[in-house]
Protein chains: 2
Amino acid sequence: MAGVSIGSLYQYFPSKEALVAAVIDRHTQEISEVTRKALVKAAALPIEAAAREFVSVAIDGHRVNPKLHGVLAEQIPHVGRLQNIEALEQEGYALVRAYLEAHRDEIDVADLDLAAFVLVTVVEALTHAAVLRRPDILSDEKADRFVDDVTRLLVRYLGAS
Amino acid sequence: MAGVSIGSLYQYFPSKEALVAAVIDRHTQEISEVTRKALVKAAALPIEAAAREFVSVAIDGHRVNPKLHGVLAEQIPHVGRLQNIEALEQEGYALVRAYLEAHRDEIDVADLDLAAFVLVTVVEALTHAAVLRRPDILSDEKADRFVDDVTRLLVRYLGAS
DNA sequence: TACAATTATGAGCGATCGCTTGTATTTTGT
DNA sequence: ACAAAATACAAGCGATCGCTCATAATTGTA
């Protein structure tokens with residue numbers, strides 16, 4: 001009926017959960033590809049440029065497949081925080097943490113762990129909400145303003161204003 | 001078995017959805033009670049104090065019933081963004097927007113709508129994540145630092161540094 | 001073409017879902 | 001004390017769920 005029959009599906013995936021996991025894996029990997037290079041590149045940039053790159057890449061990541069991303073963001077907690085997502089998250093977290101350490105003397109925050117948490121959470125939440133709930137904010141004529149705003153938010157938070 | 005039987009349940013609620021809606025309504029109202037006074041009070045405060053109040057009240061709101069809040073945050077998208085939640089969100093958004101307008105001359109952001117979106121999204125995301133996923137950040141000895149950090153984030157973002 | 005191996009199919013299985021309904025129990029009114 | 005009204009209860013209904021398996025269609029080999 002819808003391209004493949006139930007039976008065929010279960011020849012390739014042992015369970016529905018496995019199927020969903022595979023979909024998530026693919027999506028995660030697509031995001032990884034878009035993301036990783038940019039983040040590594042950002043690691044070598046000064047704070048303002050790195051922040052901007054971080055924001056841009058987060059937007060791009062969320063734009064890979066917004067509809068699927070939205071559905072997954074709803075469903076994943078039920079599946080139980082899939083390992084690959086967790087891993088991607090941890091990787092991003094570690095990169096940010098490492099960046100902060102490398103720029104310790106230019107940064108004015110007391111607790112780098114807390115700062116990493118704040119940065120990752122803020123950028124993820126803002127880009128996620130913008131892409132999925134306020135697409136107007138990312139329209140061609142407004143997107144730059146959004147990136148500018150969030151970049152400034154990050155830079156000033158780090159005390160590098 | 002669990003306090004009330006299925007039959008009794010369906011004497012008071014026409015459907016499961018209605019039951020869930022009632023639970024959400026109660027939770028929303030509890031948060032409203034905790035929140036509204038503080039937000040109105042914050043409206044009369046200078047930026048730094050208002051920001052701090054905003055952050056504190058967001059934490060308190062998320063602490064009302066963290067476990068329930070977590071479950072609801074997962075389930076609500078499916079129920080279809082219940083009206084009361086939507087209303088509470090809009091109210092918070094409007095309050096922030098009004099505050100920003102009232103303090104227009106002390107604030108250095110280009111777009112007040114965008115700023116309101118950023119502020120609400122950031123505080124909601126940070127407190128939500130902190131309460132539900134990083135409770136260590138809100139331990140007695142660390143909570144103040146978190147509030148300080150986020151307050152500073154908001155204040156600096158608004159250009160009132 | 002004939003046969004074997006592989007892959008696709010969907011009717012239908014048991015389990016679980018939201019929900020109804022007949023009965024048992026409690027509360028109320030007299 | 002008794003009947004009537006209101007409330008509590010859980011067995012079980014149909015519908016749907018994830019999934020299996022006997023069969024059909026396709027592909028590979030000779």
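To find a chain, count down the sequence lines: A is the first, B the second, and so on, and within it residues start at 1. All heavy atoms count here, side chains included; hydrogens, waters and symmetry mates do not.
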Practice prompt. Sequence neighbours left out, what passes side-chain hydrogen bond (donor to acceptor under 3.5 Å, both in side chains) with Q11(A)? Give chain and number order.
Written response: none
Worksheet item: In terms of side-chain heavy atoms of S5(A), which of dT9(C), dT7(C), dC9(D) is nearest?
Response: dT9(C)
Discussion item. Distance check needed: dT20(D) P versus F13(A) CZ, whole Å only.
Written reply: 15 Å
Worksheet item: Between K37(A) and E53(A), does a salt bridge (Lys or Arg N to Asp or Glu O under 4.0 Å) hold up when you go through it step by step?
Response: CA-CA 11 Å; K37(A) 287 174 212 159; E53(A) 189 64 30; over 6 Å; no
Fill in: D113(B): side-chain hydrogen bond (donor to acceptor under 3.5 Å, both in side chains) partners, not counting sequence neighbours
R97(B)
Worksheet item: With sequence neighbours excluded, what pairs up with H27(B) under the ring pair (Phe, Tyr, Trp, His ring centres under 6.0 Å) test?
Response: H69(B)
Worksheet item: the helix from dT1(C)-dA30(D) to dT30(C)-dA1(D): angle between its terminal axes, five pairs each, to 10°?
Response: 10°
Fill in: Partner residues of Y99(A) under the ring pair (Phe, Tyr, Trp, His ring centres under 6.0 Å) criterion, sequence neighbours left out
H103(A)
Worksheet item: By salt bridge (charged side-chain N to carboxylate O under 4.0 Å, His left out), which residues pair with D111(A), not counting sequence neighbours?
Response: R145(B)
Under 3.5 Å between N/O atoms: give me all the protein pairs with nucleotides 23-28 of chain D, atom names plus distance.
none

Worksheet item: With D136(B), which residues qualify under side-chain hydrogen bond (donor to acceptor under 3.5 Å, both in side chains), at least two apart?
Response: R134(B)
Between the protein and nucleotides 16-21 of chain C, which nitrogen or oxygen pairs come in under 3.5 angstrom?
unit_1, atom_1, unit_2, atom_2, d
dG18(C), OP1, K16(B), NZ, 2.3
dC19(C), OP2, Y10(B), OH, 2.7
dC19(C), OP2, K16(B), N, 2.5

Worksheet item: What residues, two or more places apart in sequence or in another chain, satisfy salt bridge (charged side-chain N to carboxylate O under 4.0 Å, His left out) together with R152(B)?
Response: D108(A)
Worksheet entry | salt bridge (charged side-chain N to carboxylate O under 4.0 Å, His left out) partners for E124(B), two or more places apart | none
Worksheet item: How would you label the contact of Y12(A) with the nucleic acid (heavy atoms, under 4.0 Å): base, sugar-phosphate, or nothing?
Response: sugar-phosphate
Worksheet, complete the sentence: Whole-Å distance, Q11(B) CD to dA10(D) C1', equals 13 Å
Please tabulate, for the side chains in residues 43-50 of chain A, all donor-acceptor contacts under 3.5 angstrom to protein atoms that are two or more places apart in sequence or on a different chain.
unit_1, atom_1, unit_2, atom_2, d
E48(A), OE2, R52(A), NH2, 3.4

